[in-house]
Every structure is written in C-alpha cells, then in structure tokens.
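All remarks here apply to the structure that follows.
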Amino acid sequence: MSTLTIRTLRPDDAVPLLAFEQANRAWFERHIDPRPDDFYSIDGIQAHVAQFLGEHRQGRLHPCVIVDKHGELIGRANLKDINREQGVAEVGYRIGELQAGKGLATAALRHLITLAQDEWRLASLCAYAIDGNVASMRVLERCGFEQGTAAPAIAIVAGNVVDGHAYALDLRAAGVDSAQCKQDQQI
C-alpha cells in the first residue's frame, strides 16, 4: 500500500502544480475543456493558485492537492461553488495520467465527501461527467452519487462539443459517509 496525502492547496504548491499540469496537459484535454495557453506559465499558475486560495478564504472553494510518498503532486480535487446557505457544492478531481486507474480519484472523492460533511457541513454534492468518461462515472457511482439529468454541451473536447450528465449525492441520507466509497485497489 503506497502512502499519499490529500491536503489543502498552499502558495508553495505553484511550481509542482505547474509541472503536474504541463506533464498531463494532453491527457486532461482528452477528457475536459482545455485551459488557456497562458495558464501554463509560472505567472499563470501563481495567479491560479492565488485565485483559488482567495476563494477558499471567502468560503466558496476548497482546493486540494494529492501528493505521493515522495512529495510529488499527482492529482487535484476541489469542492467548488460552495453555497453554505443552500448546503451544496460541486466536486471535481484531476488525476495524472500515470496514476489513473489506481484508486486515486476514489480516494480524492472520499476526501471531498468528508470535507463537505465535517468541515463545511453541507447537505449535498453535485458533479458532472462527460458521456464516455466511464472511469469518472464509475468513481462517482461507487461513492454513492446518482446519475441525474442530461447536461448537453458541457465541454469541448478535442474541438468537439460533448454532452454529459449531472450527478448528485445527498449527504444527509442514511448510511452515507466517506467509508461508503469502496476502492478497487488499495492506495
């Protein structure tokens, strides 16, 4: 079992985050909207980190990074669009290509569920997955999310507009807790 840490993003994560995003750019762009070119610079990533940390201080976002036992950044996970009044937030995660299929997305989502329940005291979570991203859909369903309505035109992947589906998790439902997320493999 390898060791990993999922923790809140810090200002000193900018350089490793840039390396992670650059190394996985093509991989991510096969699954989600591409980021602008200026994101992939030290100034771009520092502005991104500053924006995320500012939104965290304002209670609208909880940005996390996943770091392996060697200290290498291997993934990201976020609670975004947090609305404490309504008790909802959206989840999102990005796992590096070399780490895909090793249970990291499940671990990241389990961490976000725990944050939503214990720190943010939210009632529900939502997520979106593009049609055809079977791995992401399985992670969501494994962690108790239920597929909801179709979400047309949710992303542009490789120049093509793609559809998807919304997913939801009621955190108040009996038996819903972070242990519910079963992993295919040990982390």
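- For the atom pair CG (L171) and CG (L125), the distance works out to 4.5 Å, reported to the nearest 0.5 Å.
- The closest side-chain heavy-atom distance from L109 to V91 is below 4.5 Å.
- For E146, the CD atom is loosely surrounded, since the number of other residues' heavy atoms within 6.0 Å does not exceed 12.
- The backbone N or O of L9 lies less than 3.5 Å from no partner atom in the side chain of D13, so there is not a single donor-acceptor pair.
- Contact detail for G164 and I154: the closest heavy-atom pair is CA-CD1, 3.7 Å.
- Here the CG atom belonging to L61 is positioned 10.5 Å from the CD atom belonging to E90, to the nearest 0.5 angstrom.
- You'll find the side chain of I82 reaches within 4.5 Å of the side chain of R84, heavy atoms only.
- No salt bridge links E29 with R35; every basic N to acidic carboxylate O contact stays at or beyond 4.0 Å.
- Residue I45 comes nearest to A14 through the heavy atom pair CG2-O, 3.5 Å, listed as atom of the first residue, atom of the second, then distance.
- The closest side-chain heavy-atom distance from F145 to M137 is not below 4.5 Å.
- For D12, the salt bridge (charged side-chain N to carboxylate O under 4.0 Å, His left out) test picks out R10, with sequence neighbours left out.
- Scanning all heavy atoms of the two residues, the minimum distance from D170 to A123 falls at OD1-O, 3.4 Å.
- For H48 and F52, the ring centers are positioned less than 6.0 Å apart.
- A donor-acceptor pair is defined here as one N or O able to donate and one able to accept, closer than 3.5 Å; such a pair exists between the side chain of W27 and the backbone of I95.
- Side chains of V65 and R7 form a contact here, defined as non-hydrogen atoms less than 4.5 Å apart.
- From H56, atom NE2 reaches atom CG of L79 across 9.0 Å, with rounding to the nearest 0.5 Å.
- Each ring pair (Phe, Tyr, Trp, His ring centres under 6.0 Å) pair with one or both residues in residues 78-109, not counting sequence neighbours, would appear here, but there are none.
- Legend: residues meeting side-chain hydrogen bond (donor to acceptor under 3.5 Å, both in side chains) with Q22, ordered by chain and number and at least two apart, are absent.
- Within the 3.5 Å criterion, the main-chain N or O of K80 finds no donor-acceptor partner in the side chain of N78.
- No side-chain heavy atom of R94 sits under 4.5 Å from any side-chain heavy atom of N24.
- Taking 4.5 Å as the limit, every side-chain heavy atom of T114 sits out of range of all side-chain heavy atoms of H111.
- Counting heavy atoms from C-beta outward, C143 and L169 have side chains that stay 4.5 Å or more apart.
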Handout entry: side chain to side chain contact (heavy atoms under 4.5 Å, CB included) evaluation trace for E72 with V67
Key = CA-CA 5 Å; E72 182 180 345; V67 181; 5.8 Å; no
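- Rounded to the nearest 0.5 angstrom, H62 NE2 and L112 CG are separated by 8.5 Å.
- Separation of atoms CD (E55) and CD (Q58) is listed at 6.5 Å; rounding is to 0.5 Å.
- Membership of an apolar cluster is not assigned to L98, as no side-chain contact below 4.5 Å to another ILVMFWY residue is traced.
- Other residues sharing a hydrophobic cluster with V161 under the 4.5 Å side-chain heavy-atom criterion for ILVMFWY residues are I156.
- A chain of hydrophobic side-chain contacts below 4.5 Å, direct or via other Ile, Leu, Val, Met, Phe, Trp or Tyr residues, connects L17 to L53.
- Here the closest heavy-atom approach between residue A153 and residue D163 is recorded as N-OD1, 2.8 Å.
- Side-chain atoms of I42 and L18, non-hydrogen and from C-beta on, do get closer than 4.5 Å to each other.
- Remark: E21 engages R76 in a salt bridge, criterion side-chain N to carboxylate O under 4.0 Å.
- For the residue pair I66 and A108, the shortest heavy atom distance occurs at CD1-CB, 3.7 Å.
- Hydrophobic cluster membership is shared by F20 and F39, with clusters built from Ile, Leu, Val, Met, Phe, Trp and Tyr side chains linked at under 4.5 angstrom.
- Between the NZ atom of K102 and the CG atom of D68 there is a distance of 9.5 Å, given to the nearest 0.5 Å.
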Only pairs under 3.5 Å count here: list side-chain donor-acceptor contacts from residues 126-134, not counting sequence neighbours, and write none if there are none.
residue	atom	partner	partner atom	Å
D131	OD1	H165	ND1	2.8
N133	OD1	S136	N	3.2

Handout entry: Worked verdict on L122 versus V88 for side chain to side chain contact (heavy atoms under 4.5 Å, CB included)
Key = CA-CA 6 Å; L122 300 176; V88 301; over 6 Å; no
